[in-house]
Amino acid sequence: QMNIIFGEDQINGLDDKYTVLELDTIRVMPIGQTATAYAVVEAIPIEDLPRLSFQKELHKNLMINYRNREWNFCTQAIENLVGCFGGELDTFYAELQSRINNYKENDPGEAWDPVIIKEVK
């Protein structure tokens, strides 16, 4: 189960105690308000601790390269990240890989925006 917090102001100080990882940025329509979602991982398995800084950096680079449409980098990063962070982000990585597979088949075009649109009625 993944703990998700919305908004950068909500994560201040949390990364002192927990592992905080950026997820998607979401725009709520028709309001137009945008917020970034963050995963808050409370417990890291002890066997992952020696590689934690590497895994956090790889996740950060995954999100940067996703926004830059570097699909092959993203696929390789996801392969290395599945199972990390106690597996808490595995569903996110599967969803991201599904989107990337779709973008590889159907180029999203130059106007592509990585922000996810959610409709609220």
Side-chain angles (χ1 to χ4, degrees):
Q1 175 180 335
M2 187 180 354
N3 298 310
I4 299 176
I5 292 182
F6 287 92
E8 197 170 342
D9 53 331
Q10 302 296 320
I11 61 165
N12 287 337
L14 279 179
D15 52 0
D16 296 341
K17 198 171 179 183
Y18 305 108
T19 299
V20 179
L21 303 161
E22 178 185 350
L23 301 175
D24 285 316
T25 297
I26 298 165
R27 182 170 298 121
V28 179
M29 297 305 283
I31 305 161
Q33 183 178 6
T34 302
T36 299
Y38 295 88
V40 180
V41 183
E42 293 182 58
I44 299 293
I46 197 148
E47 62 271 12
D48 287 356
L49 289 177
R51 299 186 66 227
L52 182 59
S53 62
F54 168 78
Q55 293 167 349
K56 287 169 65 175
E57 191 65 22
L58 185 57
H59 178 91
K60 178 182 170 187
N61 286 320
L62 165 62
M63 299 313 295
I64 290 167
N65 281 276
Y66 177 72
R67 290 189 292 269
N68 291 330
R69 303 161 57 130
E70 297 291 341
W71 311 134
N72 290 332
F73 177 95
C74 292
T75 294
Q76 290 177 7
I78 289 168
E79 285 173 8
N80 284 285
L81 287 165
V82 168
C84 296
F85 313 112
E88 287 189 34
L89 277 80
D90 287 2
T91 54
F92 173 73
Y93 294 138
E95 166 62 26
L96 202 58
Q97 187 61 60
S98 176
R99 284 187 230 154
I100 289 165
N101 292 343
N102 182 41
Y103 296 148
K104 283 181 175 179
E105 294 286 319
N106 310 290
D107 189 308
E110 291 303 312
W112 178 74
D113 182 353
V115 174
I116 305 293
I117 305 296
K118 294 286 183 190
E119 296 287 337
V120 177
K121 296 187 179 1

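Remark: I46 CD1 is loosely packed, at most 12 non-hydrogen atoms of other residues, nucleotides or ligands lying under 6.0 Å away. Residue K118 qualifies as open at atom NZ: its count of foreign heavy atoms under 6.0 Å is 12 or below.
Just one of T36, L21, L96 meets the side-chain contact (heavy atoms from CB on, under 4.5 Å) condition when paired with M63; it is L96.
Under the side chain to side chain contact (heavy atoms under 4.5 Å, CB included) criterion, T91 pairs with M2, sequence neighbours left out. Applying the salt bridge (charged side-chain N to carboxylate O under 4.0 Å, His left out) rule to D9 yields no partners; only residues at least two apart in sequence or on another chain are considered. Remark: D107 pairs with R69 by the salt bridge (charged side-chain N to carboxylate O under 4.0 Å, His left out) rule, at least two apart or across chains. Residues passing the salt bridge (charged side-chain N to carboxylate O under 4.0 Å, His left out) test with E22, sequence neighbours excluded: R67. Among residues two or more places apart in sequence or in another chain, the salt bridge (charged side-chain N to carboxylate O under 4.0 Å, His left out) test is passed with E95 by R99.
Under the 4.5 Å side-chain criterion, counting only non-hydrogen atoms from C-beta, Y38 is not in contact with L14. Side-chain contact between I44 and T19: present, with at least one pair of heavy atoms (C-beta onward) separated by less than 4.5 Å. The closest side-chain heavy-atom distance from N3 to V41 is not below 4.5 Å. Looking at L81 and L58, their side chains come closer than 4.5 Å, going by heavy atoms from C-beta outward. Between I100 and I78, some side-chain heavy-atom pair lies under the 4.5 Å cut-off. Side-chain contact between I117 and I26: absent, with no pair of heavy atoms (C-beta onward) separated by less than 4.5 Å.
Sorted by first and then second residue, the side-chain hydrogen bond (donor to acceptor under 3.5 Å, both in side chains) pairs with a member in residues 44-55 form an empty list; sequence neighbours excluded.
I11 and L23 fall into different hydrophobic clusters, where Ile, Leu, Val, Met, Phe, Trp and Tyr are joined by side-chain heavy atoms under 4.5 Å apart, directly or via other members. Taking hydrophobic clusters as Ile, Leu, Val, Met, Phe, Trp and Tyr residues chained together by side-chain heavy-atom distances below 4.5 Å, W71 shares a cluster with V82. In terms of hydrophobic clustering, with Ile, Leu, Val, Met, Phe, Trp and Tyr side chains grouped at heavy-atom distances under 4.5 Å, I116 and L89 are assigned to a common cluster. At a threshold of 4.5 Å between side-chain heavy atoms, the hydrophobic network of Ile, Leu, Val, Met, Phe, Trp and Tyr places F92 and I4 in one connected group.
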Between F85 and L52, is the side chain to side chain contact (heavy atoms under 4.5 Å, CB included) condition met? List the steps.
CA-CA 8 Å; F85 313 112; L52 182 59; 3.9 Å; yes

(request) Apply the test ring-ring contact (aromatic ring centres under 6.0 Å, His included) to residues H59 and Y93: give CA-CA distance (whole Å), side-chain angles for both, the deciding distance (0.1 Å), then the verdict. (result) CA-CA 10 Å; H59 178 91; Y93 294 138; 5.8 Å; yes

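Note that the CG atom of N12 and the CD atom of E8 stand 7.0 Å from one another [nearest 0.5 Å]. Atom CG of L62 sits about 11.5 Å away from atom CD of Q76, to the nearest 0.5 Å. How far SG of C74 is from NZ of K104: 9.0 Å, rounded to the nearest 0.5 Å.
Of the N and O atoms on the side chains of N65 and N61, not one donor lies less than 3.5 Å from an acceptor on the other residue. A donor-acceptor pair shorter than 3.5 Å can be found between the side chains of Q97 and T75.
Classified by interplanar angle (parallel below 30°, tilted 30° to 60°, perpendicular above 60°), the ring pair W112/Y66 is perpendicular.
Residues V120 and P30 approach most closely at O-CD, 3.3 Å, considering heavy atoms.
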